Amino acid sequence: MNVLVINCGSSSLKYQLINSDSEEVLAKGLCERIGIDGRLVYQKAGCDKEITEAPMPTHKEAIQMVLDALVNEKTGAIASLAEVNAVGHRIVHGGEKFASSAVITDEMLAAVAECNDLAPLHNPANLIGINACKDLMPNVPMVAVFDTAFHQTMPAKAYLYGLPYEYYEKYKVRRYGFHGTSHSFVSKHTAEFLGMDINNSKIIVCHLGNGASISAVKDGKCVDTSMGLTPLEGLVMGTRSGDIDPAIMEFIAKKENLDIAGVMNVLNKKSGVFGLSKELSSDFRDLESAMNEGNEFAGNAIEVFAYRVAKYVGAYVAALNGVDAIAFTAGIGENAGLVRTKVCEYLGYLGIALDEEANAKRGEDMVISTPDSKVKVAVIPTNEELAICRETVALV
Ligand code: AMP
């Protein structure tokens, strides 16, 4: 069957049409500047990208344009919309209500809306995309796949913060974790690729992209992860600070005359390797070349990033009481061999040894540890769209 995978943001929408039998991507692209002016990027498999500028006042017009492109006589990937058999939607926050993916019904959408204040920027946009698809394809089954669901197996000792317990009771303030679809996909695939039994395994997944998080996965279930109530916690990221002393917020607010929204803006958008590199870039390609030209701030940013990853790996070895495999994934994890080398240099105490020749390759599943390394280290490219497609097929 063909599954349309939709990842809807407030002013953008990414899509892929996937044949679930062959797991082939038939077409993919994105809509940008929804509600501003509108731009559709469409690419049929094996063809060049087509870019169309056209008004998209709302997500409904954007999705209509995607559907029109998919069935276009000349460049369409399918003959008619009857060939879209299901739609899989990414939803950022499922709170404690969703520990797995769910078929979309009116009742479940009401439950998703109750999680909106946990992700006020993302969940409402996800819901707008779902409603637009329901209007345009009323008879096509749809499934919601949550970023938080995979992490719902964490025990209370991992998800509770050292805060007054009533905040958990009243407001559900706790660790939720994000990138769950990726952590789930990569942990399963790591076990498969390394020939391990997932039901008897200890895997640490390092999802290092512009947003970055780590998870500890025991016997296929998440037992801890580095992002928290929001994606701000944990690793140093592209522009997010990750863990800091919370008292810094008051200190900076006073010094810089900022209100809470101003401080949050700094922590989310002006920090991380971007802030550390004196706003040179949040992109590791830029940071690496600047470092090679002697830019000490870019060099520091990379060091801070790698050190934080290594500290979390150490923490999760403790949480798992050991580790069989460490997997690197996402933009930095898959491409930045330098970062993997730096992280693994801290992990010599685990008996980890890196095969530098393998580590220099890119773009495929690969083992980058030496045969005698005590812990296997692998690069496993993530594929969140395929994971959403598989979940959708399983439920419809
Ligand atoms: P993601 O959020 O997973 O799409 O990852 C995006 C990030 O991956 C970018 O901001 C870069 O920092 C990083 N990245 C992508 N390609 C490369 C590369 N060839 N070398 C180093 N870093 C890369």
Side-chain angles (χ1 to χ4, degrees), residues 5 7 9 12-16 25 28-30 32 41 90 92 121-122 147 150 177-187 189-190 205-215 225-227 230-232 234-242 268-293 295 297-309 327-344 354 356 358-366 368 378-388:
V5 174
N7 180 355
S12 68
L13 178 160
K14 289 190 207 143
Y15 64 91
Q16 282 193 6
V25 177
K28 65 179 178 180
L30 73 159
E32 294 172 297
V41 179
R90 173 189 181 219
V92 168
L121 294 179
H122 295 102
D147 263 23
F150 180 63
F178 297 87
H179 296 138
T181 314
S182 176
H183 286 286
S184 167
F185 178 88
V186 172
S187 54
H189 195 64
T190 301
V205 177
C206 307
H207 176 109
L208 310 180
N210 194 35
S213 65
I214 301 206
S215 65
T225 191
S226 59
M227 283 180 168
T230 75
L232 185 54
L235 301 177
V236 175
M237 309 183 207
T239 61
R240 294 188 195 120
S241 63
N268 275 305
K269 306 227 166 100
K270 305 212 157 179
S271 301
V273 291
F274 175 72
L276 282 165
S277 67
K278 291 197 159 184
E279 308 200 349
L280 176 76
S281 178
S282 60
D283 192 306
F284 271 69
R285 287 164 286 201
D286 302 334
L287 295 174
E288 251 189 86
S289 45
M291 181 187 75
N292 291 336
E293 284 160 19
N295 183 320
F297 305 106
N300 279 343
I302 294 174
E303 291 299 338
V304 173
F305 180 90
Y307 179 64
R308 180 73 58 88
V309 174
F328 286 93
T329 194
I332 300 160
E334 290 167 30
N335 296 299
L338 174 75
V339 170
R340 296 192 298 255
T341 300
K342 284 189 182 294
V343 171
C344 289
L354 215 54
E356 281 301 345
N359 189 41
K361 293 191 203 145
R362 287 224 316 256
E364 54 187 298
D365 294 340
M366 56 192 177
I368 57 168
V379 174
I380 303 288
T382 191
N383 191 338
E384 287 170 276
E385 289 78 15
L386 179 58
I388 293 174

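Owing to the predicted nature of the structure, the values given are computational and were not obtained by experimental measurement. All values below were derived from every heavy atom in this structure, side-chain atoms included, with hydrogens, water molecules and symmetry-related copies excluded. Indexing begins at 1, ligand by ligand and atom by atom, following the structure's order.
Between Lys342 and Glu303, at least one side-chain N (NZ, or NE/NH1/NH2) sits under 4.0 Å from a carboxylate O, which counts as a salt bridge.
Partners of His122 by ring pair (Phe, Tyr, Trp, His ring centres under 6.0 Å), not counting sequence neighbours: none found.
A donor-acceptor pair shorter than 3.5 Å can be found between the side chains of Ser182 and Thr382. Judged purely by distance below 3.5 Å, without hydrogens or angles, the side chains of Asn295 and Ser277 never pair a donor atom with an acceptor atom.
Summarising the geometry of Asn268 relative to Arg240, their closest heavy-atom pair is O-CG, 3.5 Å, with the distance given to 0.1 Å.
Using cut-offs of 30° and 60° on the angle between ring planes, the pair His207 and His179 is parallel.
Ligand 1 is surrounded by Gly209, Asn210, Ser282, Asp283, Phe284, Arg285, Ala330, Gly331, Ile332, Asn335, Ala336, Arg362, each with at least one heavy atom closer than 4.0 Å.
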